[in-house]
Each structure stands twice: as C-alpha cells, then as structure tokens.
Q: 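There's a structure below that I have some questions on.
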There are 2 protein chains.
Amino acid sequence: MINIYTDGACRGNQNTFNMGGWGFVLTDKATGKARHCWGHEANTTNNRMEMTAAIKALHAIRNRSRSEVTVYSDSNLMVKGMTEWLSGWKAKGWKNSGKKPVENKDLWVQLEELSALHNVTWQHVKGHNGNAGNELADQLANRGADGQQGKQDFVGGM
Amino acid sequence: MINIYTDGACRGNQNTFNMGGWGFVLTDKATGKARHCWGHEANTTNNRMEMTAAIKALHAIRNRSRSEVTVYSDSNLMVKGMTEWLSGWKAKGWKNSGKKPVENKDLWVQLEELSALHNVTWQHVKGHNGNAGNELADQLANRGADGQQGKQDFVGGM
RNA sequence: GGACACCUCCUAUA
DNA sequence: TATAGGAGGTGTCC
C-alpha cells in the first residue's frame, strides 16, 4: 500500500514570466518509510504543475513490483481526467467535449504510462481541508514555486 | 473612417427564461470621438444579440453622410452572412443550403438596409484574443445581459 | 463532417 | 477580480 499526496502551485500570470512548483509526499505502509520531493519549472500553468507532481511521484516507484497505489490530489481536473475522461479522449483523437484539442496531452500520456505499472486509485481531496498529507504537499509545491532548490531530478526507487 | 466593435451575450438556455445583452463601441477617426452603448432583451439567442449589436451601431449613424465604416465582430455567422451568404439567400427565397428557412430574417433585412447607407466592411475578429475593441464590446454586452440599465433606446446620430 | 459564437457547471491557481 | 483546465449543452451557417 503506497499513498501519494500531490500538489501544484503557480505564481504570476499569463504573458509575464511565472514560476510553478510541484510537490509530493509518498508513504509506504509496508516499510513505514516516507519521502517528500519538490521542484520548480518556469513559464508553466497551475494545471501542468498539478499533473507534474503526480508524474514525479509515480516515476519514483516505476521500478517497484506492481503495488496498490492511491494518489490524493486536490486537482479535480487530474482526478477526473484519469478516471473518467481519458478513455474518451483517446477514442476521439484527443478532442475534448468542445471538439478542441485536449491540453497537456504530453502529461496525460505520461500519467497513463506510469499509472499502468501499478493498481492506481485516484482520489480527489478538498484543498486546505486540514488533511495532513495534502497540507505537506502544498507546502512542498510552494517551496518549489518560491524557487527553492528541490529534488527536481529525483529518479530513484524508494 | 468609422470603426465599430460589436458583441452579443446570452445567459441561460432552452425553455427556461433567458436574458441577452448587446454592446458596441463606435469610434470616429475624423472627430476623434467614441461612444459605447449597450442594452438587453429577454428570451432571445446569442446570434440574435450579435446581430442586434451591429444593427444598433449602424442605426446610430444612419443619418450620417455616406462613410467608410468597418464593423468588427467575433460572430462568424454575421460576418459570413453579410459578405458571402446574403445574396444567395435572397436569390433562393431565404432558404439556406439545407433548403430550410434562414433564421432571423428580420434582422438580416435590417442589417442589409442599414449597411447600404454606407460603405461597410465586415471584419471577423477572434473573441477573447486581447483585441481591445472586442474586449470592451464584450464587457458592454455582458453588462446588458446582467440586466444593467443601458442605452437601449439609443437612436440619435453622433 | 467543419466553423464561429453563446452559455450552465466543476476544481484549482494567483 | 483574473487565468488554467475539464464536462455538459444551444444558436446558426457551410
């Protein structure tokens, strides 16, 4: 049983330079160990940061044997995307309900590939609801958005 | 040289009560003056409001001597209608390509009559693309749709 | 099938 | 207030 809390943040807006941050908290019930990572990226969007957080977390366990994984995120977009919309997008050539191209296809594809390696449950949580894991992931993401040097290049297994 | 930006809005849908708004911005290069007007109408459609916005604007200059006028709209329907389809509709007894009656004939007729008084150029602009004139017309139309009292009864020349 | 609009709703971010 | 993203839908034309 692996629990992952993810969060993304993004400072600034539109055409002006902005800075995004992502963070995740990963706890392994079996080993009792936890680890947290964060990073940042320039000129991005809040939604890309939310997705990137999950990609980084899943990437961290890509070499593990197939496990029960639960990803908690306050991004309704990501949770609904992975659980309800993804199959439809692929069937319709990555077009959304308005017949326009789905945004951030590159990240959706990565999420699908990485989540296929385990039995992943996607769970939506309300942001800032006192949930300890979500609060910590939020802090990590903001640490990234603030430009603090994180473990962006984290690639190892646990 | 008169430039006109128009936009329409319509809140709600189908069988329930809805409220539409129209707005235009009219700038006269010669005098350097600008004016903006808006209004609202109940139980209408988005397309009727787009057309109404242009009708109100052209009506405002109906008594002016023949002028060069450019109407900017994000309604592909109205721009194509006035520049490409109108002559065909009249030749075919106001039937569209599907042999069904053209909708909103009353407004198309008004647009044709009013635009015949000047040398009107119809120009399509993408909505919400940072175009200042279009943005302002959008705000005026929404002001109308929100039910704010506008200059619905505007009839005067400039 | 294509195009341009117009909404209703949901979540996050600043 | 605004942007970034998604689901539904209608209004209209070709």
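Each chain gets a letter, A, B and so on, in the order its sequence line appears, and its residues count up from 1.
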Q: Does some side-chain heavy atom of A/Trp22 sit less than 4.5 Å from a side-chain heavy atom of A/Thr6?
A: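 The answer is no, as the side chains (C-beta and beyond) never meet within the 4.5 Å cut-off.
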
Q: Categorize A/Val79 for me: base, sugar-phosphate, or nothing, with a 4.0 angstrom heavy-atom threshold over every strand shown.
A: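 The residue A/Val79 makes no contact with any strand.
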
Q: What is the separation between atom CG on B/Asp146 and atom P on C/C7, rounded to the nearest whole Å?
A: 10 Å

Q: Using whole Å, what does the distance between atom C1' of nucleotide C/C4 and atom NZ of B/Lys126 come to?
A: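 It is 7 Å, rounded to the nearest whole Å.
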
Q: Exactly one of A/Val69, A/Leu58, A/Ile2 should register a side chain to side chain contact (heavy atoms under 4.5 Å, CB included) with A/His118. Which one does?
A: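 Exactly one pass, corresponding to A/Val69.
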
Q: Nearest whole angstrom, please: distance from the P of D/dG6 to the CH2 of A/Trp122.
A: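 Nearest whole value for this atom pair: 16 Å.
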
Q: Quickly work out the A/His40 NE2 to C/U13 P distance and round it to whole Å.
A: 19 Å

Q: Looking at every strand, decide which applies to A/Asn142 at a 4.0 Å heavy-atom threshold: base, sugar-phosphate, or nothing.
A: sugar-phosphate

Q: Starting at CH2 of A/Trp108, measure out to CG of A/Leu77 and round the result to the nearest 0.5 Å.
A: 4.5 Å

Q: Output all residues satisfying side chain to side chain contact (heavy atoms under 4.5 Å, CB included) with A/Thr44, sequence neighbours left out; order by chain, then residue number.
A: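 Checked A/Thr44 against side chain to side chain contact (heavy atoms under 4.5 Å, CB included); matches are A/Cys10, A/Asn18, A/Glu41, A/Arg48, A/Met49.
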
Q: When you check the phosphate oxygens OP1 and OP2 of D/dG5, does a side-chain N or O of A/Thr45 lie under 4.0 Å from one of them?
A: yes

Q: Under 4.0 Å between any heavy atoms, over every strand shown, what does B/Gly127 touch: base, sugar-phosphate, or nothing? Just pick one.
A: sugar-phosphate

Q: Quick one: which of C/A14, D/dG5, C/C6 gets closest to the side chain of B/Asp7?
A: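 For the B/Asp7 side chain, the nearest candidate turns out to be C/C6.
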
Q: Could you tell me whether A/Asp146 and A/Arg11 have a side-chain N and a carboxylate O separated by less than 4.0 Å?
A: yes

Q: Figure out the CE/P separation between A/Met51 and C/U11, and round it to whole Å.
A: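 Distance, rounded to whole Å: 19 Å.
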
Q: Using a cut-off of 4.0 Å on non-hydrogen atoms, how would the nucleic acid contact of B/Gly8 be classed: base, sugar-phosphate, or nothing?
A: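 If one applies the 4.0 Å heavy-atom cut-off, B/Gly8 turns out to touch the sugar-phosphate alone, with no base involved.
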
Q: Closest approach to the side chain of A/Arg48, judged atom by atom: which nucleotide of C/A5, C/U11, D/dG5 is it?
A: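 Out of C/A5, C/U11, D/dG5, the nucleotide with an atom closest to A/Arg48's side chain is D/dG5.
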
Q: I need the NZ-P distance between A/Lys105 and D/dG5, as an integer number of Å.
A: 16 Å

Q: Hey, can you pull the residues of residues 82-101 of chain A with a non-hydrogen atom under 4.0 angstrom from DNA chain D?
A: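 Within this stretch, A/Trp85, A/Trp89, A/Asn96, A/Ser97 sit under 4.0 Å of the strand.
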
Q: Which of the following nucleotides, C/C6, C/A5, C/U8, is nearest to the side chain of B/His124?
A: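 Nearest listed nucleotide: C/A5.
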
Q: Of the nucleotides D/dA4, C/U13, D/dT12, which has the atom closest to the B/Glu103 side chain?
A: D/dT12

Q: Take the protein atom CG of B/Asp74 and the nucleotide atom C1' of C/A3, then report the distance between them rounded to whole Å.
A: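 Result: 13 Å.
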
Q: Just how far is it from atom OH of A/Tyr5 to atom CG of A/Leu26, taken to the nearest 0.5 Å?
A: 11.5 Å

Q: Would you mind telling me which residue lines up with the more 5' stretch of DNA chain D, B/Gln139 or B/Asn46, judged by nearest nucleotide?
A: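 Mapping each residue to its closest nucleotide by heavy atoms, the 5'-most match is B/Gln139.
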
Q: Rounded to whole angstrom units, what separation is found between the CG atom of B/Asn76 and the C1' atom of D/dC14?
A: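 After rounding, the gap between these two atoms is 10 Å.
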
Q: Only distances under 3.5 Å count here; give the side-chain donor-acceptor pairs of residues 86-93 of chain A to other protein atoms, sequence neighbours excluded, each with its distance to 0.1 Å.
A:
{"from": "A/Lys90", "atom 1": "NZ", "to": "A/Glu112", "atom 2": "OE2", "distance (Å)": "2.3"}

Q: Using 0.5 Å steps for rounding, measure from the CG atom of A/Asn104 to the CE atom of A/Met78.
A: 12.0 Å

Q: So which nucleotide from D/dT12, C/A14, D/dA4 ends up closest to the side chain of A/Asn47?
A: D/dA4

